[in-house]
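Reading through the structure tokens given below for one structure.
Atoms within each ligand, like the ligands themselves, are counted from 1 in listed order. For the single chain, residues carry numbers from 1 onward in sequence order.
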Amino acid sequence: MNIQFHKPAIFWTEALPVGNGNLGAMVFGGVERERIALNEDTLWSGYPKDWNNSEAASVLPQVRKLVSEGLYEEADRLCKGMMGPYTQSYLPLGDLQLVMEHGDHYKQYDRKLDLRQGIASVAYTIGDIRYTREIFASHPDRTLVVRLTASKPGQLSFHAKADSLLRYSASTDGEHYVIAGTAPEHVAPNYQQQDHPIRYGDPDTSKALRFHGRLAAVREGGTMSVDRGGIHIAGATSAVLYFSAATSFDPQQGAPSAQRMPGQLTAGVVEAVLKKDYAAVLADHLADHIPWMERVDLHLGDSLAPADMPTDQRIAEFGSRDPGLVELLFHYGRYLMIASSRPGTQPANLQGIWNEHTRAPWSSNYTLNINTQMNYWPAESCNLAEMHAPLFDFIDRLAANGSKTAEINYGAKGWVAHHNADLWAQTAPVGAYGEGDASWAFWPMGGVWLTQHLWEHYAFGRDEAFLRERAYPVMKEAALFCLSWLHEDEDGYLITAPSTSPEHHFRYGDRHSAVSAASTMDLTLIGELFDNCIEASEVLELDETFRAELTAALSKLHPLQIGSHGHLQEWDKDFEDGDVHHRHVSHLVGIYPGRKLTEESAPALFDAARTSLERRGDGGTGWSLGWKIGLWARFKDGDRAERLISNLLNLIKENEPLEYDGGGVYANLFDAHPPFQIDGNFAATAGIAELLLQSHQDHLALLPALPSAWRTGYVKGLRGRGGCEVDLSWENGVLVEAVIVSNNAQNCLLRSQPIREVTSDGETIAWTATDDGFGSIPVEQGKRYVISFR
Ligand code: FUC
């Protein structure tokens, strides 16, 4: 479970990520000059603003009229009148720089990230002295920890300081070296042409966030001094650096707060950690990190690559042919989630928490038409449900802001979010009040899709209090928005308009547009939300009238349709695709991650959806490849999914032209859109799990889509809906054994090979088998059931 190299990183995408949820770092491992790029998850430009557009309400009926008249291009243009400002940007905090006083004539260099331990390390030899560095982000101690050693006493001499691309100043506070600064009030997205894309406020009155970073050191031997140039250590044998960062963001208010003193926050953190021994800090980190990683285990076959092969070479030479590399990709998604999303932190953004750019691609924001949701696809199935929590907190903030947007922009009830959001939980459509393109900016389904995560958290864990107190109220308000937004077409069907299928265009005559009515994605997401609300209100035994209203609306919802190519139509009319290989596969959302379209419930649409996916092909950006893994899993085509994994394990090199217009992974296994976007990492992990276990219908499907390349293996600790934890082992593609533990008593329905025997605590358990390949096992809460298949 290592990502490893025998040389320092040159590019950021060769550096090794560590994180504790809110503090992130990328370790380059330079010998004479080490760069550890730093991030703090609340460091964003801007502050809350009024992004709603009161003109929108009068534009909306005009757009709807144009759509109903088939004047799509005109409708598309008019949508500009409903836009708001662009979101703000996620910012880099700075770099921690170490300058070692031993020159750069080194040998025996190693640099690795141990995923299981959550520790990045660097080691090299100069003369006869072995130097080591150990870097981790401690969640219990809320600090970044860097330990340096020399193999001979008194040989460690270096200085350490931090700097930033943002406005900052460096100073000392007692024995601590600190940087303090203020974020810009505005950063324009990287795709917007601007003369002054980064704008700061007056330092005394700026409304932007203040930030602070604090560095302290403990050494064994030698001397230490601290000044504005950094911390200087000479003649030591080992040293530990502790770095803490904070901003003035107040999570309760969702705004910068004058009362929040980032310097005091970092002081508290650093003083506390300095009271502990390094050994205790390390032990606490390991005791925190390892159990998360060990919840799931995966073995897909023997690794082909030599144990010490650098990861980039392994990707290039073996790709998905090396089962060990696929396992690494799987675990990496889990590692990155543990490192970027912990209860109380911000949700993982487009780059998780790792970003070195002041104008990051797409502002490194929350992109709600696929990317943010994708980040959390593995959370439940891969046994990290706790790490889903930051998304739920964020949804609450979006719901609060989005109720104003719904009312002001559309005169609608409930809450709405569009395709982009930021730390400030912007809910209005972006596009700089008309500069943007409706194909991406106009998409009022961001919130609707996010509520799927609330339901899924319940569906997997069966936490009824969560459903009652957190999930259902927010789901219901999103459903109220949908009821307001839906309106009847001339045939009496409920449709959405204006409607887009995110980022894709259609052709009609010699024209093209993104805006029409009732895209399949709109209808599917709304249908799923209504289904989920109905099921939730039944579980909670409330809202009977509302439930009836939803049921009635569902029966009037415009049906999905099959188009002339035998495909699932993406729009309400059988338009030709603007780009038949478009990266978004939005119309297939009911196949995966949704559950609206199954072979059993809608066989014709299910087949049509497969045809649509065939037509899209096996290429795409990193995240698009990731999505297609999950889709082929749901189509039960493991080998096709494996082909997508293979395409994703395509090494993207920073300094070389792309061989084809598609995605892959960088040397450090970060997903490459390109550029780096973390979503594809999470989708790959979720997709691999989906090949082994599915639970979106009323049963657990064991090995529903095992790729033939993974002949013999096992997985432990996957979760299925219904509160189940599942281990599976197989040989030559055939199930050998499953172990199920459920957190509630139930009849556990399995779809698998024929069951031979079920035991629990050594006792045989009676199960019932049905002709169509199902087995039903009565399980008690917390007991372990061993199911043998041969
Ligand atoms: C959506 C995608 C792009 C990119 C961006 C962040 O707009 O269509 O490919 O992932 O989000």
Side-chain angles (χ1 to χ4, degrees), residues 13 44 79 83 86-90 187-192 340 347-355 357 359-377 417-423 426 429-432 435-446 449-450 500-506 514-515 519 521 525 570 577-589 593 616-617 619-631 644 647-648 652 658 660-666 670-684:
T13 50
W44 287 67
C79 277
M83 291 174 190
Y86 283 120
T87 69
Q88 290 302 319
S89 291
Y90 181 54
V187 173
N190 66 316
Y191 48 82
Q192 194 189 26
S340 66
N349 63 45
L350 271 179
Q351 300 185 186
I353 49 173
W354 299 277
N355 166 39
H357 304 288
R359 292 181 79 200
W362 299 285
S363 308
S364 191
N365 68 9
Y366 297 103
T367 306
L368 306 182
N369 66 13
I370 172 67
N371 317 85
T372 302
Q373 288 86 350
M374 184 175 274
N375 282 358
Y376 286 91
W377 286 353
H418 293 79
H419 112 291
N420 274 174
D422 54 16
L423 180 72
Q426 160 154 352
V430 296
E435 198 184 287
D437 192 316
S439 66
W440 35 270
F442 198 82
W443 193 67
M445 293 291 133
W449 196 355
L450 282 171
T500 60
S501 189
E503 320 217 5
H504 200 187
H505 290 83
F506 54 84
V515 172
S519 72
M521 191 191 220
L525 291 175
E570 191 164 345
D577 293 304
D579 171 7
V580 71
H581 298 134
H582 198 265
R583 61 194 180 283
H584 286 260
V585 279
S586 309
H587 48 322
L588 308 185
V589 70
R616 277 296 208 265
T621 58
W623 63 255
S624 178
L625 299 172
W627 195 347
K628 288 166 190 160
I629 300 170
L631 284 165
L644 271 303
N647 290 352
L648 184 61
I652 303 282
L658 294 173
Y660 86 115
D661 178 25
V665 292
Y666 291 107
F670 264 171
D671 165 57
H673 182 292
F676 165 53
Q677 249 180 238
I678 205 161
D679 39 23
N681 285 108
F682 293 129

Provide, to 0.1 Å, the distance between [atom] and the closest protein heavy atom, together with that atom's residue and name.
atom	result
atom 11 (O) of ligand 1	Asn371 OD1, 3.2 Å
atom 3 (C) of ligand 1	His673 NE2, 3.5 Å
atom 2 (C) of ligand 1	His584 NE2, 3.4 Å
atom 10 (O) of ligand 1	Trp623 NE1, 2.9 Å

Open item on the list: Please list, in number order, the atoms of ligand 1 under 4.0 Å from a heavy atom of Leu350.
Closed with: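 By the 4.0 Å cutoff, the relevant atoms are 6 (C).
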
- [ ] Kindly confirm or rule out an N or O of Arg583 lying under 3.5 angstrom from an N or O of ligand 1.
- [x]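 Between Arg583 and ligand 1 (N or O atoms, distance only) the closest approach is under 3.5 Å.
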
Open item on the list: Is there a polar contact between ligand 1 and Glu503, counting only N or O atoms under 3.5 Å apart?
Closed with: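 Looking only at distances, the answer is yes, because the N/O contact criterion of under 3.5 Å is met.
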
[X] heavy atom under 4.0 Å from ligand 1:
X	answer
Trp440	no
Thr621	no
His419	no

Open item on the list: Can you confirm whether the side chains of Gln426 and Asn420 place a donor and an acceptor under 3.5 Å from each other?
Closed with: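 The answer is no; no qualifying pair exists.
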
Task: Within the 6.0 Å centroid threshold, strictly below: His504 and His584 - done: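 Ring centroids of His504 and His584 are no less than 6.0 Å from each other.
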
